[in-house]
Amino acid sequence: MELKQEMARSLLKTSSLSVRTKLLHQTGLSLYNTSHGFHEEEVKKKLEQFPGGSIDLQKEDSGIGILTLNNPSKMNAFSGVMILQLLEKVIELESWTEGKGLIVRGAKNTFSSGSDLNAVKALGTPEDGMTLCMFMQNTLTRFMRLPLISVALVQGWALGGGAEFTTACDFRLMTPESEIRFVHKEMGIIPSWGGATRLVEIIGSRQALKVLSGALKLDSKKALNIGMVDEVLQSSDETECLEEAQEWLKQFIKGPPEVIRALKKSVSSGKELCFEDALQNERDLLGTVWGGPANKEAIARRQKFDK
């Protein structure tokens, strides 16, 4: 009897580990599905009714992708179509095996003002709000788990959902006059794209309460002081600050893509999985690079210098 119970516990542990690990690292898996009352195709039909703007993706030979939120007439607010396009771009990036880094920016010197109010008004019921919440949490969680080292380049305003998007990136850079504002309380709601949860992880619960309540306004200096951003750039010019951001990101992505991508995956494991599961996942990731071309080349270089 005791042996059967032990086997059952072992099976349960293995099963739960498999589910968590698959959720973290297999592409195409999301937080919510039909068991949560989430029907993706129905949501897509609703969002298609609100056109405007685009999400543009440029993939550089350097291994850096540039994702641009492009709806300047509305301060790069997310229309329904842009929300759908964001998921499409995340899916494209999931299969970009040459990719190592990603910069998220807004067009015309503004990051994003959040959701397009036309769509917000039309999706006015609590059920609609919950559905949109699940859709964007799915998308931004998949974005956060991309095996790319990501940085948000904040110019001008990052408001509401725009502020939430910055928290899904590994790093944040700001231009001198820019500002990040979680204006949800002023709109009578709370963050719903995962922004509050991620904000607590970035700056801690006490500072997060100050920011979310509106008591702490995050201009570039304050954001740098509390650790919300990693650096304030020199320039506010659209072209120059993008070049600065690319140079800043390059320090993290030197080396072959398979190593950088495994490194990012191991950090995602440490952040999301419990300790033992993260260790096992780190072991599995090591198996993808140990004895690989980059490893053999590095050993050969060392041996040459050691002689």
Side-chain angles (χ1 to χ4, degrees), residues 24-30 53-72 76 78 81-112 136 138-156 158 161-162 164-175 178 193-194 198 229-231 233 235 237-268 271 288 294:
L24 183 58
H25 288 301
Q26 283 193 3
T27 58
L29 291 175
S30 298
S54 63
I55 305 291
D56 305 328
L57 176 61
Q58 182 181 344
K59 291 183 280 192
E60 304 279 348
D61 292 339
S62 63
I64 294 177
I66 301 170
L67 190 76
T68 304
L69 315 178
N70 189 1
N71 192 11
N76 301 323
F78 280 86
V81 166
M82 286 173 69
I83 288 172
L84 294 177
Q85 286 185 2
L86 179 61
L87 176 59
E88 291 170 5
K89 299 305 181 186
V90 169
I91 292 169
E92 183 178 343
L93 287 166
E94 284 174 340
S95 59
W96 185 32
T97 55
E98 298 83 15
K100 299 189 284 185
L102 183 66
I103 296 171
V104 182
R105 65 195 279 265
K108 305 297 181 185
N109 293 303
T110 298
F111 189 78
S112 172
M136 283 303 289
N138 275 347
T139 299
L140 289 182
T141 300
R142 286 174 69 170
F143 173 89
M144 187 176 66
R145 290 171 176 169
L146 286 170
L148 306 168
I149 298 176
S150 60
V151 58
L153 169 54
V154 180
Q155 301 168 263
E164 291 195 66
F165 197 170
T166 71
T167 67
C169 294
D170 298 311
F171 302 107
R172 282 149 295 282
L173 302 174
M174 292 178 76
T175 56
S178 60
W193 295 0
R198 292 187 297 266
V229 300
D230 298 272
E231 194 164 312
L233 300 177
S235 178
D237 177 78
E238 188 171 26
T239 303
E240 289 178 8
C241 73
L242 178 58
E243 290 173 357
E244 275 191 73
Q246 287 175 297
E247 285 303 312
W248 189 88
L249 182 56
K250 282 178 182 176
Q251 66 185 308
F252 301 101
I253 61 167
K254 292 175 183 175
E258 66 272 18
V259 177
I260 304 301
R261 293 162 69 83
L263 184 151
K264 169 63 188 286
K265 287 179 181 179
S266 67
V267 170
S268 295
K271 185 164 63 172
T288 68

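Note: hydrogens, waters and symmetry copies are ignored here, and every other heavy atom, side chains too, is used.
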Fill in: Partners passing salt bridge (Lys or Arg N to Asp or Glu O under 4.0 Å) against Lys59 (at least two apart in sequence or in another chain)
Glu92
Worksheet item: With sequence neighbours excluded, what pairs up with Thr288 under the side chain to side chain donor-acceptor pair (under 3.5 Å) test?
Response: none
Discussion item. Run Asn76 and Lys108 through side-chain contact (heavy atoms from CB on, under 4.5 Å) and show every step you take.
Written reply: CA-CA 9 Å; Asn76 301 323; Lys108 305 297 181 185; 5.7 Å; no
Practice prompt. Evaluate the criterion side-chain contact (heavy atoms from CB on, under 4.5 Å) for residue pair Leu69 and Ile55; output intermediate values, then yes/no.
Written response: CA-CA 5 Å; Leu69 315 178; Ile55 305 291; 3.6 Å; yes
Worksheet entry | With Glu244 via salt bridge (Lys or Arg N to Asp or Glu O under 4.0 Å) - residues at least two apart | none
Item to complete: Calculate, to the nearest 0.5 Å, the distance between atoms CG and CZ belonging to Leu140 and Arg142 respectively.
Response: 11.5 Å
Discussion item. Test: side-chain hydrogen bond (donor to acceptor under 3.5 Å, both in side chains). Region: residues 61-71. Which pairs qualify, not counting sequence neighbours?
Written reply: Asp56-Asn70, Thr68-Arg105
Fill in: Which residues share a side chain to side chain contact (heavy atoms under 4.5 Å, CB included) with Glu247, sequence neighbours left out
Lys250
Worksheet entry | side chain to side chain contact (heavy atoms under 4.5 Å, CB included) involving Thr239 - partner list, sequence neighbours excluded | Asp237, Glu243
Worksheet item: What closest approach, in Å, do Lys265 and Pro147 show between heavy atoms, and which atom pair accounts for it?
Response: CE-CB, 3.8 Å
Discussion item. Does Gln246 form a side-chain contact (heavy atoms from CB on, under 4.5 Å) with Ile66? I'd like the steps, not just the answer.
Written reply: CA-CA 9 Å; Gln246 287 175 297; Ile66 301 170; 3.7 Å; yes
Worksheet, complete the sentence: Closest non-hydrogen atoms of Gly99 and Arg261, given as atom of the first, atom of the second and distance, are O-NH1, 3.2 Å
Item to complete: For Val259 and Ala294, work out which heavy atoms get closest and say how close.
Response: CG2-CB, 4.0 Å
Fill in: Between CZ on residue Phe111 and CZ on residue Phe165, distance to nearest 0.5 Å
6.0 Å
Worksheet item: Leu153 versus Leu233: any side-chain heavy-atom pair under 4.5 Å?
Response: yes
Discussion item. What's the separation between atom CG in Asn109 and atom OG1 in Thr175, rounded to the nearest 0.5 Å?
Written reply: 7.5 Å
Response to the item:
Applying side chain to side chain contact (heavy atoms under 4.5 Å, CB included) to Glu88 and not counting sequence neighbours gives Gln85
Worksheet item: How would you list, by chain and number, every residue that makes a side chain to side chain donor-acceptor pair (under 3.5 Å) with Thr167, sequence neighbours excluded?
Response: Arg198
Discussion item. Holding to ring-ring contact (aromatic ring centres under 6.0 Å, His included), I want the full list of residues that pass it with Phe78, two or more places apart in sequence or in another chain.
Written reply: Trp193
Discussion item. Looking at every non-hydrogen atom in both residues, tell me the closest pair between Ser235 and Glu240 and how far apart they are.
Written reply: OG-OE1, 2.9 Å
Item to complete: Not counting sequence neighbours, which residues clear side chain to side chain contact (heavy atoms under 4.5 Å, CB included) with Asp170? List them please.
Response: Ile149, Ser150, Lys264
Item to complete: Taking the side chain as every heavy atom from C-beta outward, state whether Leu86 and Leu67 have any atom pair closer than 4.5 Å.
Response: yes
Item to complete: Can you measure from CD (Glu94) to NZ (Lys89) and round to the nearest 0.5 angstrom?
Response: 14.0 Å
Worksheet item: What's the spacing between Ser178 OG and Arg172 CZ if we round to 0.5 Å?
Response: 12.5 Å
Discussion item. Tell me every residue that passes ring-ring contact (aromatic ring centres under 6.0 Å, His included) with Trp248, counting only those two or more places apart in sequence or in another chain.
Written reply: Phe171, Phe252
Discussion item. Quick check: do Leu93 and Leu102 have side-chain heavy atoms less than 4.5 Å from each other?
Written reply: yes
Worksheet item: How far does CG of Leu249 sit from NZ of Lys254, to the nearest 0.5 angstrom?
Response: 11.5 Å
Discussion item. According to salt bridge (Lys or Arg N to Asp or Glu O under 4.0 Å), who are the partners of Lys271, at least two apart in sequence or on a separate chain?
Written reply: none
